[in-house]
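I have placed the structure first, in the form of structure tokens, so that the comments after it can refer back to it.
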Amino acid sequence: ALRNPILPSPNLRLGASPHPAPPRTNPAVARILAIANQKGGVGKTTSTLAIGACLAERGFRTVMVDLDPHASLSRWLEVPEDPAPPGVFE
């Protein structure tokens, strides 16, 4: 089976990174990164996936929210489409 080359290794477990996350001054505070641009084809999905994967590999708890109606990020992360999860418009 072919594996998506952008996704991290299927053997990756959070906290098992060779690059431990730096200590945080206040672990209860979440950091939010938003990647947005009205123009299509500028790399928003690719950037989101790469940054999210790198943060997860470093041991950070990571959530990526796909608000794109085309659900490109969800497809890259192999989120099941049947039944389709509710979108932002529902």
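The structure displayed is predicted, hence computed values, not measured ones.
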Quick one: closest heavy-atom pair of His70 and Arg75, and the distance? O-NH1, 2.7 Å
Smallest heavy-atom separation, Met64 atom then Leu49 atom, equals SD-CA, 4.1 Å
If Ile, Leu, Val, Met, Phe, Trp and Tyr residues are connected whenever their side-chain heavy atoms lie under 4.5 Å apart, and connections chain through other members, are Val42 and Ile35 in the same group? no
For Gly52 versus Thr62, what's the shortest heavy-atom pair and its separation? O-CG2, 3.7 Å
With Ser74, which residues qualify under side-chain hydrogen bond (donor to acceptor under 3.5 Å, both in side chains), at least two apart? Asp66
Quick check: closest heavy atoms across Lys39 and Lys44, and the distance to 0.1 Å? O-NZ, 2.7 Å
